[in-house]
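The structure appears right after this line, and notes come after that.
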Amino acid sequence: MRIVQLNEDSLKDLLAGLLKRDPNNYTEYTNQVQEIVDGVKEKGDEALFAFTEKFDGARVSADNIRVTQEEIEKAMEQVPKELLEVMKTSMENIRRYHEKQKRNSWFDARPDGTILGQKMTPLDSVGVYVPGGKAAYPSSVLMNIIPAQVAGVERIVMVTPPGKDGSVNPVTLTAAHLAGATEVYRAGGAQAVAALAFGTASIPRVRKIVGPGNIFVALAKKAVYGHVSIDSIAGPSEILVIADEKANPKYVAADLLSQAEHDQLASAILVTPSMELAREVSRQAQEMTDRLSRREIIQASLDNYGYILVVENMEEAIQAANEIAPEHLEILTENPFEVMTKIRNAGAIFMGPYSSEPLGDYFAGPNHVLPTNGTAKFFSPLNVDDFVKKSSIIYYSREALKAASRDIETFAKAEQLTAHANSIHVRFEGEEE
């Protein structure tokens with residue numbers, strides 16, 4: 001891994017390089033994605049089935065696009081018992097964490113005759129996109145479905161690309177069933193996103209679409225936003241580690257590589273005031289990479305977006321982390337809790353040598369769907385609030401409105417909205433001031 005002495009210019013160059021990975025920059029795919037989305041919007045199932053055969057090599061129809069209960073039961077029989085138990089334990093942790101996020105409707109009644117409040121209502125339906133192909137991502141299934149279920153969403157639809165034979169990965173199906181998906185469809189790519197957004201004869205539309213995917217899925221979610229809600233436009237994975245001279249370089253290197261193996265665009269960054277640690281982590285990272293199964297992907301990631309930033313002190317390290325606003329932030333310092341209080345921008349914060357990032361990916365409970373590409377400066381992890389909507393409640397008695405009527409009319413007239421003012425005035429017309 002390259003070692004860089006951090007200064008204002010090198011940080012600026014680093015941020016510019018990282019931002020190139022933003023899905024919004026891949027405009028060469030925009031027109032192709034828009035054609036797919038428009039095709040499904042206009043032709044429904046006909047386009048959905050045609051695109052599925054074109055891109056996934058699978059022939060689907062109205063008769064088989066929905067995964068049956070029998071298929072799910074057969075899939076569960078194929079999953080090793082040990083993995084099944086691990087998924088169940090992970091589910092319990094995820095559910096327990098997200099249950100803490102639930103908020104109730106509230107009302108504030110005052111002696112003057114006013115009642116104000118906020119009504120919380122779960123979304124009617126949610127679509128969950130899960131990547132398919134050779135890999136299975138049961139952790140993503142759990143992380144997207146469980147908070148929706150905790151929020152009270154009644155219809156949770158999962159879509160995932162089928163294999164060429166039309167099959168769906170049994171581990172993915174099992175996770176969907178355990179987590180509480182109400183429908184599962186063998187459809188993927190931009191065409192599945194469009195089907196969820198606009199609806200077809202086979203796949204009724206949903207109110208919101210969540211879940212990770214490739215560049216076509218990301219751009220499709222962007223294209224349908226406004227017709228439905230979405231969680232975010234997810235970019236490549238990233239990790240930043242803040243470490244001092246007392247950190248274990250082997251742990252640091254291993255944790256950096258855990259994200260670099262996602263894909264060639266993944267980013268892995270160490271920020272440290274210790275040049276000695278920097279050099280040892282670089283050595284350990286290369287040594288580990290050479291013996292890992294995804295070494296080609298890891299090496300490409302490190303060559304393109306892997307950095308070891310050496311700073312003067314811990315305050316500079318914290319400042320750099322807040323500027324980069326990483327998806328995953330690990331704090332491997334003598335007092336990680338003290339450093340944590342100064343972090344303003346990070347998707348998830350892992351503290352101490354035994355809180356490595358994969359703990360959050362699979363097991364701890366907090367959601368692993370996190371803001372990327374610096375969006376942790378204004379976005380949050382996927383959570384229960386993403387699956388509810390809020391309505392304001394307003395009640396005024398006659399006496400309460402009369403007491404405020406002159407103020408409201410004054411405000412309305414200042415904006416030259418006389419009908420607004422009249423709506424208040426007619427209720428007390430002719431009454432003495």
Q | Test item: Leu265 and Asn304 side chains (from C-beta on) under 4.5 Å apart, heavy atoms | A | no
Q) Which value, rounded to the nearest 0.5 Å, describes the distance between Glu245 atom CD and Met314 atom CE? A) 7.0 Å
Q. For atom CD of Gln69, is the number of surrounding heavy atoms from other residues, nucleotides or ligands below 6.0 Å larger than 12?
A. yes
Q | Partners passing salt bridge (Lys or Arg N to Asp or Glu O under 4.0 Å) against Arg103 (at least two apart in sequence or in another chain) | A | Asp385
Q. Taking atom CD of Gln5 as the centre, does the number of heavy atoms from other residues, nucleotides or ligands within less than 6.0 Å exceed 12?
A. yes
Q: Write down the atom of Ala194, the atom of Val40, and the distance for their closest heavy-atom approach.
A: CB-CB, 3.7 Å
Q. If we only count heavy atoms from C-beta on, is the Thr272 to Leu309 side-chain gap below 4.5 Å?
A. no
Q) More than 12 non-hydrogen atoms from neighbouring residues, nucleotides or ligands closer than 6.0 Å to NZ on Lys102, yes or no? A) no
Q. CD of Glu71: more than 12 outside heavy atoms within 6.0 angstrom?
A. yes
**Q.** Close side-chain approach of Thr160 to Asn169, heavy-atom, < 4.5 Å
**A.** no
**Q.** Nearest heavy-atom neighbours spanning Asp56 and Gln191
**A.** OD2-NE2, 3.9 Å
Q. What pair of heavy atoms forms the shortest contact from Ala376 to Gly347, and how long is it?
A. CB-N, 3.8 Å
Q | Donor-acceptor contact present, side-chain Thr52 to main-chain Leu48, <3.5 Å | A | yes
Q | Polar side-chain atom of Asp231 near backbone of Gly211 as donor-acceptor pair, under 3.5 Å | A | yes
Q: State, with a plain yes or no, whether a side-chain heavy atom of Glu357 is found less than 4.5 Å away from one of Val241.
A: no
Q. How many angstroms lie between NZ in Lys119 and CH2 in Trp106, if you round to the nearest 0.5 Å?
A. 14.5 Å
Q.
With side chain to side chain contact (heavy atoms under 4.5 Å, CB included) as the test, pick out the partner of Lys208 among Leu196, Leu123, Ile230.
A. Leu123
Q | Validation row: His262, Arg294 side chains within 4.5 angstrom (heavy atoms) | A | no
Q) Counting distance only, does the side-chain N/O of Lys377 pair as donor-acceptor with the main-chain N or O of Arg344 below 3.5 Å? A) no
Q. How about Lys342 and Glu315: do any of their side-chain heavy atoms sit closer than 4.5 Å?
A. yes
(Q) Take a 6.0 Å sphere around NZ of Lys390 and say whether it holds more than 12 heavy atoms from other residues, nucleotides or ligands. (A) yes
Q) Is the number of heavy atoms from other residues, nucleotides or ligands under 6.0 Å of Phe337 CZ greater than 12? A) no
Q.
By the definition side chain to side chain contact (heavy atoms under 4.5 Å, CB included), identify the one residue from Val150, Val384, Ile146 that meets it with Glu99.
A. Val150
Q.
Assess, by modelled atom type and distance only, whether the side chains of Thr289 and Gln299 contain a donor and an acceptor separated by less than 3.5 Å.
A. no
(Q) Can you tell me if Phe55 has over 12 outside heavy atoms packed within less than 6.0 Å of its CZ? (A) yes
Q.
For a 4.5 angstrom cut-off between non-hydrogen side-chain atoms, does Pro162 reach Tyr185?
A. no
Q: Describe, in one word, how the ring planes of Phe198 and His227 are oriented to each other, choosing from parallel (under 30°), tilted (30 to 60°) and perpendicular (over 60°).
A: perpendicular
Q | Which atom of Pro147 lies closest to which atom of Asn367, heavy atoms considered | A | CG-ND2, 3.6 Å
Q: Output the distance between atom CD1 (Ile94) and atom OH (Tyr362), rounded to the nearest 0.5 Å.
A: 12.0 Å
Q: To the nearest 0.5 Å, tell me how far Thr341 OG1 sits from Ile318 CD1.
A: 7.5 Å
Q) Just checking, is any N or O donor in the side chain of Ser10 or Asn7 under 3.5 Å from an acceptor N or O on the other one? A) yes
Q) Quick check: does any side chain N or O of Glu238 sit under 3.5 Å from a backbone N or O of Glu327, one acting as donor and the other as acceptor? A) yes
Q: Determine whether the side chains of Asp361 and Ser139 contain a donor N or O and an acceptor N or O closer than 3.5 Å.
A: no
Q: I would like to know whether Glu280 and Arg283 meet salt bridge (Lys or Arg N to Asp or Glu O under 4.0 Å); could you show each step before the answer?
A: CA-CA 5 Å; Glu280 183 59 20; Arg283 188 188 70 79; 2.7 Å; yes
Q. Roughly how far apart are Leu142 CG and Phe363 CZ, rounded to 0.5 Å?
A. 11.5 Å
Q. Taking it one step at a time, do Thr333 and Asp244 satisfy side-chain hydrogen bond (donor to acceptor under 3.5 Å, both in side chains)?
A. CA-CA 5 Å; Thr333 61; Asp244 60 19; 4.7 Å; no
Q) Do you know the tightest heavy-atom contact between Ser301 and Ser267? A) OG-N, 4.4 Å
(Q) Restricting to side chain to side chain contact (heavy atoms under 4.5 Å, CB included), what partner residues turn up for Lys88, sequence neighbours left out? (A) Leu84, Glu85, Leu178
**Q.** Test item: Lys250 and Met288 side chains (from C-beta on) under 4.5 Å apart, heavy atoms
**A.** yes
(Q) A quick test of your reading: do over 12 heavy atoms of other residues, nucleotides or ligands sit less than 6.0 Å from CZ of Arg95? (A) yes
Q.
When you measure from the side chain of Tyr129 to the backbone of Gly189, do you find a donor-acceptor pair of N or O atoms at a distance under 3.5 Å?
A. yes
Q. If we ignore angles and hydrogens, is there a donor and acceptor under 3.5 Å between the side chains of Gln286 and Asp290?
A. yes
Q | Sidechain-backbone polar pair: Arg186 side chain, Gly166 backbone, donor-acceptor under 3.5 Å | A | yes
Q) So, is the end of the Arg2 side chain (NZ or CZ) under 6.0 Å from the ring centre of Tyr307 and within 45° of the ring's axis? A) yes
**Q.** Interatomic spacing from CZ in Phe350 to CD1 in Ile242 - rounded to 0.5 Å
**A.** 13.5 Å
Q.
Gln34 and side chain to side chain donor-acceptor pair (under 3.5 Å): which single residue from Asp38, Thr30, Asn31 fits?
A. Asp38
**Q.** Minimal non-hydrogen separation, Leu256 against Ala268, with atom names
**A.** O-CB, 3.6 Å
